[in-house]
Amino acid sequence: MDSRRHFLKGLLASGAALAGTAVAPEACARETHIRPVDGLGLLYDSTLCIGCKACVAACKAANNNPAEFSTEDQLWDTPLDTSGYTFNIIKMYRNGSMETKDAENNGFAFMKTSCMHCADPSCVSACPVSAMTKDPVTGIVAYDADICVGCRYCVVACPFGIPKYQYDSPTGKIGKCELCRHRYKDGNYSACAEVCPTGATLYGKTSDLLAEAKRRIALKPGSRTQYPRGKIGGPDQSYEAPVGNYLQHVYGETEYGGTQVLKLSAVNFQKMGLPDLPPNSSAATSETIQHSLYGGLVLPVVALGALSFIAKRNVKPEDDDASEEHTS
């Protein structure tokens, strides 16, 4: 019977031999995925938002999510951020005296926080069991709780900090906006856009929303224009209002490879809580590296060889000698 020493020597030699013969393919980042032609999304216009939070309440109702309390009296739903049970929230920018809405200095402004439905989502790339998927037609980043193993890789991977873990779930579950896709069969659309009284949140095809966003930022600040409400292509609920002093940039057009939720603002996007991201998705690089390392089992074999070497060094000679005498 072979001794433990002989076993470890053989294991180490086998691991080293395999590691030496297995060669990983060259890790070249793939192209960043683009938005589907008919992808659906939202356009959020901060200059139109009045901070009423009707969208927050509608989202909770549409997804059967419970209230979350942050005040001692616990009289109403007061979430401070998105969570496993709050998929959409309105945050407030404050500066100085807060005299003027949408002014960066001595002003205030509102910003909607929810899933951006990235063209090349890191959460989908990071999920090991495909619980996170991106619909090839609508582009909606969907979540399947029945497949999820609760690893929370998606939570770490998202640059917007959107997927949130429900820590009180006995099976482990993630909560995030899915653009109310479960309501489409009844002829409805995203609840946040349906109830928004000013059209600050608008639903439709991302291509149409991007065209609308660019139309707005091309207008002269202070002039008047028609603002659609609810859904682009739906019943006409438009109204006339003054044009805001927009930044000449549509957030989400290029960030992170593009997102299907677009945003307009008169205040710096980073001050409004949005990350400054490059035009390429990190998934394009990390996914390629991951597949290269694990292709041909290169990384596991190398790890096995290293562990075998460490184990060999920790074997005491007297233990092996005693083992040999006992088995001889």
By ring-ring contact (aromatic ring centres under 6.0 Å, His included) - contacts of H249 (at least two apart): F269

Spatial distance of atom NZ (K112) from atom SG (C177) [nearest 0.5 Å]: 7.0 Å

Within 6.0 angstrom of E31 CD, more than 12 heavy atoms from elsewhere: no

Same cluster (ILVMFWY, side-chain, under 4.5 Å), V243 and L264: yes

N106 (side chain) donor-acceptor with E99 (main chain) under 3.5 angstrom: no

Any donor-acceptor N or O pair under 3.5 Å, side chains K134, Q260: yes

Donor-acceptor under 3.5 Å (Y93 side chain, E104 main chain): yes

Pairs meeting criterion ring pair (Phe, Tyr, Trp, His ring centres under 6.0 Å) with involvement of residues 129-175, two or more places apart: Y165-Y167

Test item: K60 side-chain N/O and C55 main-chain N/O as donor-acceptor pair under 3.5 Å: no

Main-chain N/O of S238 paired with D236 side-chain donor or acceptor, under 3.5 Å: yes

Donor-acceptor under 3.5 Å (T82 side chain, S114 main chain): no

E68 and S83: side chain donor to acceptor below 3.5 Å: yes

Distance in Å, S265 OG paired with Q270 CD, rounded so as to fall on 0.5 Å steps: 10.0 Å

Any donor-acceptor pair under 3.5 Å from H33 side chain to S281 backbone: no

Value rounded to 0.5 Å, distance of CG in L40 from NZ in K231: 8.5 Å

Side-chain donor/acceptor of N63 to backbone N/O of C59, under 3.5 Å: yes

Under the ring-ring contact (aromatic ring centres under 6.0 Å, His included) test, residues paired with Y256 that sit two or more places apart: none

Exam field: side chain K173 to backbone G84, donor-acceptor pair closer than 3.5 Å: no

K101, NZ: over 12 other non-hydrogen atoms inside 6.0 angstrom: yes

Between T225 and R215: side-chain donor-acceptor atoms closer than 3.5 Å: yes

Interatomic spacing from OG in S207 to CG in D38 - rounded to 0.5 Å: 7.0 Å

I34 CD1: over 12 foreign heavy atoms closer than 6.0 Å: no

Passing option when Y85 is tested against D168, D77, N64 for side chain to side chain contact (heavy atoms under 4.5 Å, CB included): D168

